[in-house]
Asks: 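Take this structure first; my questions come after.
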Amino acid sequence: MRIATFNVNGVNGRLPVLLRWLAETEPDVVCLQELKAPQGGFPEAAIKAAGYAAVWHGQRSWNGVAILARGAEPIETRRGLPGDDDDIQSRYIEAAVKGILIGCLYLPNGNPAPGAKFDYKLRWFQRLVRHADALLAHGVPVALVGDFNVIPTELDVYKPERWLGDALFRPEVRDAFTRLVNRGWTDAVRELHPDERIYTFWDYLRNAWGRNAGLRLDHLLLSPKLAGRLKSAGVDAHVRGWEKASDHAPVWIEF
DNA sequence: ATGTCACAGCAACTGTGA
């Protein structure tokens, strides 16, 4: 069983990249972020033809999240985080797939910081922590998966000093991530590779991919039951080198 | 600041967010 997450940066603009990667790696469950497509603009037919059923929460221009399952129908359990009825951004969708509850999230970027966008990020994070607590309380196997827009530690960034003031790396955000994980979650990739420099994102600017100037932003957090079944984890970094690539690479775990 | 990408609105290019 393989679960993957991929910030596609435009599900229609990147459709050839997405389909090529799906055919190559055949993950069982896929969480997508940054669809950048309205609800009616999701390429459902092409994804179905690739063997995947999907639930998604679209939004025009920005955001948008989806959960894909190979040979199974994801049963949607929630769209949108609780705690703010005025938040209309499509950043969270949740579904049950093959006995696992999957929360697919796209945490706000938060730049520029400080400012209104950073405040929104911190509020969204607090809502996520509360909801994550509720999920753990159910006692079922849960994975919280997606683009957290958080560089957790200095090991997750090519040049830490350059990112100190950035909304991806500011102390408040790193603390929030650590607090979330410490409530009972396992950062799957870091658990299996405690000392490795691992990146999942390379900026389009300044030849970041060519210089391997990367960040680790995409994470898979596992509830205790699921963490005990973890066998392997990695990043499909080569996908970042393809034509018309997203600025993120897919990240995956295996049970 | 740098300088790359997708998408919206609109029909060439600028604005926005990342």
Side-chain angles (χ1 to χ4, degrees), chain A residues 5-21 31-44 46-47 56-66 86-92 104-125 128 145-152 156-170 172-174 176-177 199-219 235-251:
Chain A
T5 181
F6 188 13
N7 179 325
V8 286
N9 190 5
V11 72
N12 289 302
R14 307 292 177 206
L15 191 58
V17 168
L18 174 61
L19 295 176
R20 179 180 171 189
W21 169 72
C31 292
L32 299 178
Q33 303 85 35
E34 281 205 79
L35 304 179
K36 294 187 174 178
Q39 189 66 19
F42 184 80
E44 184 180 17
I47 283 171
W56 66 96
H57 192 195
Q59 183 177 338
R60 195 179 65 177
S61 304
W62 300 305
N63 310 318
V65 284
D86 296 328
D87 182 3
I88 48 116
Q89 299 190 26
S90 297
R91 295 183 176 276
Y92 186 83
C104 171
L105 65 100
Y106 175 47
L107 215 134
N109 176 294
N111 277 307
K117 290 184 175 179
F118 191 63
D119 295 341
Y120 173 62
K121 178 177 195 168
L122 294 180
R123 287 199 308 275
W124 205 95
F125 221 136
L128 177 63
V145 175
D147 178 359
F148 284 70
N149 268 315
V150 179
I151 303 165
D156 303 308
V157 47
Y158 65 100
K159 197 178 197 183
E161 62 274 21
R162 186 166 206 158
W163 290 83
L164 287 173
D166 193 280
L168 308 181
F169 197 50
R170 286 175 70 99
E172 304 96 309
V173 170
R174 277 187 277 166
F177 185 81
Y199 305 139
T200 68
F201 165 92
W202 296 260
D203 206 307
Y204 290 121
L205 308 183
R206 298 174 295 274
N207 190 33
W209 169 244
R211 297 185 294 124
N212 194 29
L215 312 172
R216 191 172 75 99
L217 304 179
D218 303 272
H219 310 300
V235 181
D236 291 330
H238 65 285
V239 174
R240 179 61 180 83
W242 288 354
E243 283 294 310
K244 301 275 286 179
S246 168
D247 41 5
H248 294 251
V251 188

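Throughout, a chain's letter reflects where its sequence line sits, starting with A, and its residues are numbered from 1.
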Asks: Specify the separation, in whole Å, of atom CZ of A:Phe42 and atom P of B:dC7.
Replies: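 Those two atoms, CZ and P, are 14 Å apart.
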Asks: Closest-nucleotide mapping onto DNA chain B: is A:Asp203 or A:Pro38 further toward the 5' terminus? I mean the 5' end.
Replies: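 Mapping each residue to its closest nucleotide by heavy atoms, the 5'-most match is A:Asp203.
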Asks: Rounded to whole angstrom units, what separation is found between the CH2 atom of A:Trp202 and the C1' atom of B:dT4?
Replies: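 From A:Trp202 CH2 to B:dT4 C1': 17 Å.
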Asks: Counting heavy atoms from C-beta on, name the nucleotide in B:dA6, B:dA1, B:dT4 closest to the side chain of A:Arg162.
Replies: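 Closest nucleotide to the A:Arg162 side chain: B:dA1.
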Asks: Any chance CD of A:Glu243 has more than 12 other-residue heavy atoms, nucleotides or ligands included, within less than 6.0 Å?
Replies: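 Count not over threshold, so no.
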Asks: To the nearest angstrom, how far is A:Arg14 atom CZ from B:dT4 atom P?
Replies: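 Interatomic distance, CZ of A:Arg14 to P of B:dT4: 14 Å.
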Asks: Measure from the side-chain heavy atoms of A:Lys117 and tell me the nearest of B:dG17, B:dC7, B:dG3.
Replies: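 Out of B:dG17, B:dC7, B:dG3, the nucleotide with an atom closest to A:Lys117's side chain is B:dG17.
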Asks: With rounding to whole Å, what would you report as the distance between B:dG3 and B:dG17 at their C1' atoms?
Replies: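 15 Å, rounded to whole Å.
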Asks: For the side chain of A:Lys36, counting heavy atoms from C-beta on, which of B:dG17, B:dT4, B:dA8 is nearest?
Replies: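 The closest nucleotide is B:dG17.
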Asks: From the options B:dG3, B:dC5, B:dA6, select the nucleotide whose nearest atom is closest to the side chain of A:Tyr204.
Replies: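 Of the options given, the side chain of A:Tyr204 lies nearest B:dC5.
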Asks: Which part of the nucleic acid does A:Tyr106 contact within heavy-atom distance under 4.0 Å: base, sugar-phosphate only, or nothing?
Replies: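 A:Tyr106: backbone/sugar contact only, no base atoms under 4.0 Å.
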Asks: Would you kindly give the CH2-to-C1' distance between A:Trp163 and B:dA18, to the nearest whole Å?
Replies: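 Rounding to the nearest Å, CH2 of A:Trp163 and C1' of B:dA18 are 10 Å apart.
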Asks: Taking atom P of B:dA8 as reference, at what distance in whole Å does atom CD of A:Glu34 sit?
Replies: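 Roughly 13 Å, once rounded to whole Å.
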Asks: Quick one: which of B:dC7, B:dA18, B:dA6 gets closest to the side chain of A:Asn12?
Replies: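 Of B:dC7, B:dA18, B:dA6, B:dC7 is nearest to the side chain of A:Asn12.
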Asks: Any donor and acceptor pair, going by atom type alone, linking the side chain of A:Thr200 with main-chain N or O of A:His248 inside 3.5 Å?
Replies: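 Not at all, since once roles are kept as given, no pair shorter than 3.5 Å links the two residues.
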Asks: Would you please indicate yes or no on a ring centroid separation below 6.0 angstrom for A:Tyr199 and A:Tyr158?
Replies: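 Between A:Tyr199 and A:Tyr158, which both carry aromatic rings, the centre distance is not below 6.0 Å.
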Asks: Between B:dC13 and B:dA1, how far apart are the two P atoms, rounded to whole Å?
Replies: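 Per the computed distance, 26 Å lies between those P atoms.
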Asks: On the 0 to 90° scale, with breaks at 30° and 60°, tag the A:Trp21-A:Phe6 ring pair as parallel, tilted or perpendicular.
Replies: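 Plane angle over 60°, so perpendicular.
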Asks: Please report the distance, rounded to the nearest Å, between CG in A:Asn207 and C1' in B:dT2.
Replies: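 These atoms are roughly 14 Å apart.
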Asks: Choose from B:dT2, B:dA6, B:dT16 the nucleotide whose nearest atom is closest to any side-chain atom of A:Arg206.
Replies: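 Nearest to the side-chain atoms of A:Arg206, counting from C-beta on, is B:dT2.
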Asks: Is the distance from OP1 or OP2 of B:dG9 to the nearest side-chain N or O of A:Arg60 less than 4.0 Å?
Replies: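 The answer is yes; a side-chain N or O of A:Arg60 sits under 4.0 Å from OP1 or OP2.
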Asks: Can you spot which of A:Glu34, A:Gln59, A:His57 makes a side chain to side chain contact (heavy atoms under 4.5 Å, CB included) with A:Val65?
Replies: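 Going through the options one by one, the only one that passes is A:His57.
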Asks: Output the rounded distance in Å from CG (A:Asn109) to C1' (B:dC5).
Replies: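 It is 15 Å, rounded to the nearest whole Å.
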Asks: Return no unless some side-chain N or O of A:Lys244 is found under 4.0 Å from OP1 or OP2 of B:dC5.
Replies: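 A:Lys244 to B:dC5 OP1/OP2: no side-chain N or O under 4.0 Å.
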Asks: Would you kindly check if the NZ (Lys) or CZ (Arg) of A:Arg170 is within the cone defined by 45 degrees around the ring axis of A:Phe118 and under 6.0 Å from the six-membered ring centre?
Replies: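 Because its charged atom sits under 6.0 Å from the ring centre and within 45° of the axis, A:Arg170 does stack over A:Phe118.
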Asks: Rounded to the nearest angstrom, tell me the gap between atom CZ in A:Phe148 and atom P in B:dA18.
Replies: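 A:Phe148 atom CZ is separated from B:dA18 atom P by 18 Å.
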Asks: Could you say whether A:Gly10 or A:His248 is positioned toward the 5' end of DNA chain B, judged by the nucleotide with the nearest heavy atom to each?
Replies: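 Going by which nucleotide is closer to the 5' end, it is A:Gly10.
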